[in-house]
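See structure below.
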Amino acid sequence: MDAPAADHAGGRPRGPRPTVAANGLTEVLWSVDTRDWAGCSAGEIVAAAGDAQPGGVVLMHEGRPATVEAVPRILAALTARGLRPGPVRG
């Protein structure tokens, strides 16, 4: 929560952010939501991941059959664009 929002809400931000920082963790947000959680097909997940830009984070959830099916296609498409997966550094 930015400062104006905190002021408007009447105080310091609450929720996971202070807890994350207090435990030495880094909050990571995504730039592309594949919506795999909504039951999308593998093709829809691949299409959504196609919006990824350099330095972006693509959100996907493990264990979903359509997501598992989409991963090799996503990696091939991103590689063809000169992108590659990499670590998130805090």
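Leu75 and Val46 fall within a single hydrophobic cluster, where Ile, Leu, Val, Met, Phe, Trp and Tyr side chains are chained together by heavy-atom contacts under 4.5 Å. Under the 4.5 Å side-chain heavy-atom criterion for ILVMFWY residues, a single connected hydrophobic cluster contains both Val57 and Leu59. Trp30 and Val88 fall within a single hydrophobic cluster, where Ile, Leu, Val, Met, Phe, Trp and Tyr are joined by side-chain heavy atoms under 4.5 Å apart, directly or via other members.
In this structure, the separation between CD1 on Ile45 and CG on Asp33 is 10.0 Å, given to the nearest 0.5 Å. A distance of 10.0 Å separates CD of Gln53 from CG of Leu78, quoted to the nearest 0.5 Å. With rounding to the nearest 0.5 Å, the separation of CG in Leu25 from OG1 in Thr19 is 10.0 Å. Atom-to-atom distance recorded for Thr34:OG1 and Glu44:CD is 10.5 Å, nearest 0.5 angstrom.
Shortest non-hydrogen contact noted between Ala42 and Ala70 is O-CB, 3.8 Å. For Pro54 against Leu83, the heavy-atom pair with the smallest separation is CG-CD2, 3.7 Å. Listed here is the closest heavy atom pair of Ala66 and Cys40: CB-O, 3.4 Å.
Formation of a donor-acceptor pair under 3.5 Å by the Arg35 side chain with backbone atoms of Ala48 is not found in this model. Judged by distance alone, the side chain of Arg81 and the main-chain N or O of Gly50 form a donor-acceptor pair under 3.5 Å.
Using a 4.5 Å heavy-atom cutoff, the side chains of Ile74 and Met60 are in contact.
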